[in-house]
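Let me begin by presenting the structure, written as structure tokens, before commenting on it.
Heavy atoms only: backbone and side chains are in, while hydrogens, waters and symmetry mates are out.
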Amino acid sequence: MDPSDGTLTQESVMANLKISANIQTTENDDEKMVGLAMSIKGTERIESPKIRKFDLNLLIVLDAVYMTGSVKNAAALLNTSSPSISQYLLKLKDYFGDPLFLRDGQKLSPTTIATKLHGKIKSNLDGLISGVEDFEKDEYHQQLVIQCPIYLSIKIIPIIGEFFERENITCEIVHRVSDNMVDGFSDLLSLRQVDLIFGVSKTLGLSTKSFILDSEKLAFICKKNHPRMHDVFTEEDVKTESFCYIHTDELPAVITRQKVENSIQSGRIFSLNSPSFLSILSHVESSNSIAIVPQWLFKKFGSSFNIKLLETDIDLPTVDIAMSYNKVNLNKKMNHLLFEYLRDNFPRYMD
């Protein structure tokens, strides 16, 4: 017994059990004692297997019939049919072993058991329903979870923020940084752990939908005071210079990188492999390495780094930027409008 509050502690239960049983405890006996003591301590609420199969919709029907006194009125309140309400009442009767409601002229009157049961569950049921309704109305729409590389977030987040302001929507944007590893993207959308994924992959599973927002042009860059590079980068330079490249396993990006290799017809020497374009820019300005980056990135951050754009006759492919989401999200008006707004306005941020 805990002298401070009078509660039965696990230690006291253990002691009493050992004394009363007069057991010479071993290591195994101690484990049994712990299990028994915990079972005694947890007797406040033991859940029966029967309750696990109980349909909570029955309680909503019970409340509706109790409040309206009619199967017909309860059906209208719950937007269902009278036969459905009658079926639910039969299930309640079977479960509790009591008719719960008896015919009294034109209305149904609750039995004593129904009155006691309704009083027991009413406040908790109202709180549960209110909580679900509040969640549907507010919380669900107050957070939008997106996943994409930091580079793309610089373009995407301003458009989403612009949309929320235009529609007067209060919503927190949660940005999860993508590590450019495509494994798991589909699961994140299917399990609805993420609302939107931005990247170069356009096929993330049957339950998802994707479309192209725009395409990016690529360019060669180096530091401004590079000892060999002046204004033009040629195929001959490929043989002598080292490179850094963005690290990703997204298939379109891998294919793009292979197209570059095929275009310049030479295996390159790499000095940096990074998932971050900002890391690549930092590395380029402090080394003699060359990088292939989106032209937009250079326009946006070129003045902040000691780097310059190189002209070239080498044919560099373009890279598609895709947005993917769970098809179920199309059923929500806000999400549908947001998808359209992103699709229509993303090209403005590419200029």
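To the nearest 0.5 angstrom, Ile146 atom CD1 is 9.5 Å from Asp195 atom CG. Between the CG atom in Leu342 and the CG atom in Leu338 there is a gap of 4.5 Å [rounded to 0.5 Å]. The structure places CG of Leu58 at 10.0 Å from CG of Leu100, a figure rounded to the nearest 0.5 Å. To the nearest 0.5 Å, the span separating CG on Asn273 from SG on Cys244 amounts to 10.0 Å. Residue Ser286 holds its OG atom at 11.0 Å from CD1 of Ile307, rounded to the nearest 0.5 Å. Going from atom CZ of Phe233 over to atom CG of Leu309 covers 12.5 Å, rounded to the nearest 0.5 Å.
Side chain to side chain, Thr318 and Ser215 fail the donor-acceptor criterion of an N or O pair below 3.5 Å.
Residues Ile169 and Ile173 share a hydrophobic cluster, clusters being chains of Ile/Leu/Val/Met/Phe/Trp/Tyr side chains in contact below 4.5 Å. Cluster annotation: Leu108 is not connected to Leu102 through the hydrophobic network of ILVMFWY side chains, with a link wherever side-chain heavy atoms come within less than 4.5 Å. In the hydrophobic cluster analysis, where Ile, Leu, Val, Met, Phe, Trp and Tyr join through side-chain heavy atoms closer than 4.5 angstrom, Met67 is grouped together with Ile113. Leu117 and Leu90 fall into different hydrophobic clusters, defined by Ile, Leu, Val, Met, Phe, Trp and Tyr side-chain heavy atoms under 4.5 Å apart, directly or through other members. By the criterion of side-chain heavy atoms lying less than 4.5 angstrom apart, applied directly or through intervening Ile, Leu, Val, Met, Phe, Trp or Tyr residues, Val232 is not grouped with Ile292; the two fall into different hydrophobic clusters.
Closest of all the heavy-atom pairs between Lys120 and Asn124 is O-ND2, 4.2 Å. Taking every heavy atom of both residues into account, Ser282 and Phe305 meet most closely at OG-CE2, 3.4 Å. Of all non-hydrogen atoms in Leu77 and Ala64, the two that sit nearest each other are CD2-CB, 4.0 Å. Pairing each heavy atom of Ser86 with each of Val71, the nearest pair is OG-CG1, 3.8 Å. Taking all atoms of both residues into account, the shortest heavy-atom contact from Phe243 to Val238 is CE1-O, 4.0 Å. The two residues Ala75 and Ser82 make their nearest non-hydrogen contact at CB-N, 3.7 Å.
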Chi angles and distances behind the side-chain contact (heavy atoms from CB on, under 4.5 Å) call for Leu297, Leu281: CA-CA 9 Å; Leu297 181 75; Leu281 296 185; 4.0 Å; yes

Side chain to side chain donor-acceptor pair (under 3.5 Å) between Thr68 and Asn73, worked out: CA-CA 6 Å; Thr68 63; Asn73 292 339; 5.2 Å; no

Worked check of side-chain contact (heavy atoms from CB on, under 4.5 Å) between Leu89 and Leu92: CA-CA 5 Å; Leu89 290 177; Leu92 283 165; 4.1 Å; yes

Audit row: Thr234, Asp313, side-chain contact (heavy atoms from CB on, under 4.5 Å) steps and yes/no: CA-CA 7 Å; Thr234 68; Asp313 291 331; over 6 Å; no

Check against salt bridge (Lys or Arg N to Asp or Glu O under 4.0 Å), Lys91 and Asp55: CA-CA 9 Å; Lys91 291 180 180 179; Asp55 184 355; 5.3 Å; no

Check against side-chain contact (heavy atoms from CB on, under 4.5 Å), Phe339 and Leu196: CA-CA 9 Å; Phe339 301 157; Leu196 293 170; 3.2 Å; yes

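Counting only distance, with no hydrogens or angles, the side chain of Ser84 and the backbone of Thr80 share no donor-acceptor pair below 3.5 Å. In this structure a side-chain-to-backbone donor-acceptor pair under 3.5 Å is missing from Ser70 to Lys107. Proximity of a side-chain donor or acceptor of His283 to a complementary backbone N or O of Ser289 within less than 3.5 Å is not detected. In terms of modelled atom types and a separation under 3.5 Å, the side chain of Thr115 and the main chain of Thr111 share a donor-acceptor contact.
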Could you pull out every donor-acceptor pair under 3.5 Å between side chains of residues 219-226 and any protein atom, sequence neighbours left out?
| from | atom 1 | to | atom 2 | distance (Å) |
| --- | --- | --- | --- | --- |
| Lys223 | NZ | Asn288 | OD1 | 3.2 |
| Asn225 | OD1 | Asn306 | ND2 | 3.4 |
| His226 | ND1 | Arg228 | N | 3.0 |
| His226 | ND1 | Met229 | N | 3.0 |
| His226 | NE2 | Asn288 | O | 2.9 |

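Side chains of Leu62 and Phe101 form a contact here, defined as non-hydrogen atoms less than 4.5 Å apart. Contact of the Pro294 side chain with the Val319 side chain is not registered, since no non-hydrogen atoms from C-beta on lie closer than 4.5 Å. The shortest side-chain heavy-atom distance between Leu144 and Glu172 does not fall under the 4.5 Å cut-off. Put simply, the side chain of Ile321 does not reach to within 4.5 Å of the side chain of Ile212, judged on heavy atoms. Residues Leu272 and Ile280 are in side-chain contact: their nearest non-hydrogen atoms beyond the backbone lie under 4.5 Å apart. For the pair Gln295 and Leu218, the minimum side-chain heavy-atom distance is 4.5 Å or more. Using a 4.5 Å heavy-atom cutoff, the side chains of Leu213 and Phe198 are in contact. Using a 4.5 Å cut-off on side-chain heavy atoms (C-beta onward), Asn57 and Ile60 make contact.
Taking the six-membered ring where tryptophan is involved, the planes of Tyr325 and Phe211 are perpendicular, since the angle between them exceeds 60° and thus also 30°. Taking the six-membered ring where tryptophan is involved, the planes of Tyr341 and Phe163 are tilted, since the angle between them lies from 30° to 60°.
Using a cutoff of 4.0 Å between basic side-chain nitrogens and carboxylate oxygens, Glu285 and Lys308 are not scored as salt-bridged. Taking a cutoff of 4.0 Å between a charged side-chain nitrogen and a carboxylate oxygen, Asp98 and Lys93 do not qualify as a salt bridge.
By the salt bridge (Lys or Arg N to Asp or Glu O under 4.0 Å) test, Asp237 is found to be paired with no residue, residues two or more places apart in sequence or in another chain being considered.
Around atom CD of Glu311, no more than 12 heavy atoms belonging to other residues, nucleotides or ligands sit under 6.0 Å away.
Annotation: cation-pi pair Lys217/Trp296 absent, no NZ/CZ under 6.0 Å from the ring centroid and within 45° of its normal.
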